[in-house]
Chemist: 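Please read through the structure below; I'll follow up with questions.
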Amino acid sequence: MSFSNAFTSAGRSSKRNPLLEAISLESANQEGASCSRRLISYVLRWCIDRKLVALGRQLHALAVESKIECDVVVASYILRMYAACGNVEDSYAVFSYMHEPDIYLWSAIILAYTNAGQTSKAIQLYQSMLGAQKLRPDAHILVAVLKACASSHALSEGKLVHAHSTESGLELVLHVGNILIDMYVRFGCLKDAQAVFDRMPRKDVVTYNALIAGYSSDGHGDKVQALCQKMQEEGIEPDNMTFLSLVRARNSRDNNNLDLNLAPIPTSWKLVYASELFKNLRNRSLASWSAMIAMYAEHGSQMKALSLYFDMLQEDLNPDRITFICVLKACSDLEVVKLIHYHIIESGCEIDLQVYNCLIDVYGQGGFLADARMLFDNMHSRCVVTWTSMISAYACYGSDQHAIGLFSKMLEDGVKPNEVTCLSAMRSCINMAALILGYAIYALVIESCFDSYVLVSNTAIDMFSKCNSLSDAYSVFQGMSKHTVVSWSTMISAYVQHGEHELSIGCLNGMLQEGIKPNPVIFICMLSVCYHLGFVDQGNYYLNAMENVYGIKPTLQHRNCLIELYGRTGQLKEATDLLQGMPNELDIVAWMSLLNQCKVHGNANLAKHCFDSITNVNLED
DNA sequence: ATAGGGTTAG
């Protein structure tokens, strides 16, 4: 096999190619058939960069032919070539063929296994290197094996390798320190990560990013902020990764049901800081654009999200499937949805299931049920999310017959609903007050163990309550292993809805005993209980406690409850005072309710005042 | 040599 044949057979020939030039130079120097190690290494590197395994194999054969395959440099290139092309087994064959692999070969084979995801093999090789050879690990090997430990959660091995790093004095070498921080962050050992960070004499953007990622996914907004500041002070410019770490804090979806104590980074802070960082980002990656778009879309600033998307297009960046998923969240206007839909078709992303699901969702959530259904019907393959998106669109717009019809068709088709599907189906039961159907869906919930999702159980409480079965609502509540404040408030509202005022107060006390802080909804319930029972003092007490003990600012709705309570008990003066003390809050409901009480209690002057206020409100509207 | 943006509900 001739060299140039090997090359052209890989289909990479062109007129002025550095490779071809190198080959002709080489053949001018050496008249024989054999190739030098320098040339083979050079072309192997070419293969590594472009993942050309076919050409690589021929070069390997050529190396054997030229009897240079045992040269450590050539061997390490061949090894890395196979690894880059995803053939770790071939890499290992090359490695094991060597009689005395040097430190570079060890590091290459360990890295090859690490990158291939075969981390235990990588760690095992590292151990055999230490055992069988007189070799001491260098920084490259440490990085490779630490990476393996980090990605496979090998805690004890990772700590051992850390100890080796310290012994060899390589712990604080930039790249070793960086991967150590990354490893501890992945293990959730933020203290160890911070300790390495503090000892490192030289840090770069990666060092900071690693630690920022750790703190932001753990909700330590203050630490993130301080680190961002410190890095800028040290003249290290934040990059895409810094930005993404910051945004990632939001995405710890798996914490949804598990850890409720997780302190979230305040959205307002994150939004301000992230957008500031994004503005100053020099080479914005597609990922960063998408993350920023998603961030705006999810926090209500749809216009900003969309304008960012168009800015991105202006910069000649091509959106990919994830960008589309992000930007679709920012669409509610039909024309905009259609435009993005057109972009999606243009880019060929329509065949992507996730993107397609998002399209169904966005048409559905916008109320364009027929459009959504048409997409749904035209699909060649559907998954749970597809069905769920369509069902929740129906449930959301009160097309409950369609929602339930589709739900049962889904079951007929043998698609297993998940917890979200059940949530939407329960929503329709609530809308229809369909108790029997509710039982059937709840049976499915229990059978599938979805009741472990707090959200599902909370919805079930609400469903049974609204379907007029307080006892079932309570038994769901009672059976829950963990109650959130929403569980309590749902149960309390259930009692209030059924006129069980004493029970609702008992429930509130039970909640307080468990040390759970009430939320605004609970106070509305309690004020409404006071209204029904005519407990003015208690009502005052709640409004006071709400503001001064729990730091919840009373809303219009809270004040209205209390005004109604005053009105009902004939304390019209107090009602008027409270109503007039409401700054910039024009509320017809409260005035109307007070007007009504004026009639009951026969106060004509105040009635006139109420009437005027109502007309003023109308005029200003 | 390090690291990444995401679907259904709320």
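The model shown is predicted, which means the values in this text are computed figures rather than measured ones. Convention: sequence-line order gives letters A, B, ...; per-chain numbering from 1.
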Chemist: Kindly say whether, by distance alone, the side chain of Asp320(A) makes a donor-acceptor pair under 3.5 Å with the base of dG5(B)?
Modeler: yes

Chemist: Look at all strands and tell whether Asn178(A) reaches a base, only sugar-phosphate, or nothing, counting heavy atoms closer than 4.0 Å.
Modeler: nothing

Chemist: With a non-hydrogen cut-off below 4.0 angstrom, is Leu286(A) in contact with a base, only sugar-phosphate, or nothing?
Modeler: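 Base contact.
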
Chemist: Answer with base, sugar-phosphate or nothing: what part of the nucleic acid does Arg284(A) contact at a heavy-atom distance below 4.0 Å?
Modeler: nothing

Chemist: Indicate whether the side chain of Asn240(A) and that of Ser288(A) have a donor and an acceptor atom separated by less than 3.5 Å.
Modeler: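 Their side chains do contain a donor-acceptor pair, which is all the 3.5 Å distance test asks for.
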
Chemist: Angle class for the Phe368(A)/Tyr363(A) ring planes (parallel below 30°, perpendicular above 60°, tilted otherwise)?
Modeler: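 Plane angle over 60°, so perpendicular.
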
Chemist: Looking only at side-chain atoms of Leu455(A), point me to the closest of dA1(B), dG5(B), dG10(B).
Modeler: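 So the side chain of Leu455(A) is nearest to dG10(B).
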
Chemist: Which listed nucleotide (dA3(B), dG6(B), dA1(B)) is nearest to the side chain of Val143(A)?
Modeler: dA1(B)

Chemist: Between dG6(B), dA3(B), dT7(B), which nucleotide gets closest to the side-chain atoms of Cys326(A)?
Modeler: dG6(B)

Chemist: Please give, in whole Å, the distance from dA3(B) P to Tyr215(A) OH?
Modeler: 20 Å

Chemist: Just compare dT7(B), dG4(B), dG6(B) and give me whichever is closest to any side-chain atom of Arg321(A).
Modeler: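 Selected nucleotide (nearest to the side chain): dG6(B).
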
Chemist: Rounded to whole Å, how long is the line connecting atom CD of Gln365(A) with atom C1' of dA9(B)?
Modeler: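 Those two atoms, CD and C1', are 9 Å apart.
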
Chemist: Nearest of dT8(B), dG4(B), dA3(B) to any side-chain atom of Asp361(A)?
Modeler: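 Within the option list, the nearest is dT8(B).
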
Chemist: dG6(B) base to Ser290(A) side chain: any donor-acceptor pair below 3.5 Å?
Modeler: no

Chemist: Please give, in whole Å, the distance from dG10(B) C1' to Lys329(A) NZ?
Modeler: 13 Å

Chemist: Please state whether the rings of His483(A) and Phe477(A) are parallel, tilted or perpendicular, taking 30° and 60° as the class boundaries.
Modeler: parallel

Chemist: For the pair made of CZ in Arg427(A) and C1' in dA9(B), what is the distance, rounded to whole Å?
Modeler: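 Atom CZ in Arg427(A) sits about 9 Å away from atom C1' in dA9(B).
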
Chemist: Which whole-number value in Å describes the distance from Leu211(A) CG to dA3(B) P?
Modeler: 16 Å

Chemist: Report yes if at least one side-chain N or O of Ser392(A) is closer than 4.0 Å to OP1 or OP2 of dA9(B); otherwise report no.
Modeler: yes

Chemist: Taking any heavy-atom pair under 4.0 Å as a contact, classify Thr459(A): base, sugar-phosphate, or nothing.
Modeler: nothing

Chemist: Just checking Asn418(A): base, sugar-phosphate only, or nothing, at a heavy-atom cut-off of under 4.0 Å?
Modeler: base

Chemist: Return yes if the base of dG4(B) and the side-chain atoms of Ser285(A) contain a donor-acceptor N/O pair under 3.5 Å, otherwise no.
Modeler: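 Answer is yes: a donor-acceptor pair is held.
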
Chemist: Of the options dG5(B), dA3(B), dG10(B), whose atoms approach the side-chain atoms of Arg186(A) most closely?
Modeler: dA3(B)

Chemist: Going by salt bridge (Lys or Arg N to Asp or Glu O under 4.0 Å), name the residues that satisfy it together with Lys517(A), two or more places apart in sequence or in a different chain.
Modeler: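 Per chain and number, Lys517(A) pairs via salt bridge (Lys or Arg N to Asp or Glu O under 4.0 Å) with no residue.
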
Chemist: Find the distance Leu246(A):CG to dA3(B):P and express it as a whole number of Å.
Modeler: 19 Å

Chemist: Without hydrogens or angle criteria, can the side chains of Asp462(A) and Thr459(A) be said to hold a donor-acceptor pair below 3.5 Å?
Modeler: no

Chemist: Return the value, rounded to whole Å, for the distance between atom OH of Tyr104(A) and atom C1' of dA1(B).
Modeler: 14 Å

Chemist: Can you tell me if Ser428(A) and Asp400(A) form a side-chain donor-acceptor pair at under 3.5 Å?
Modeler: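 A donor-acceptor contact under 3.5 Å links the two side chains.
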
Chemist: Round to a whole Å and report the spacing from CD1 of Ile212(A) to C1' of dG4(B).
Modeler: 14 Å

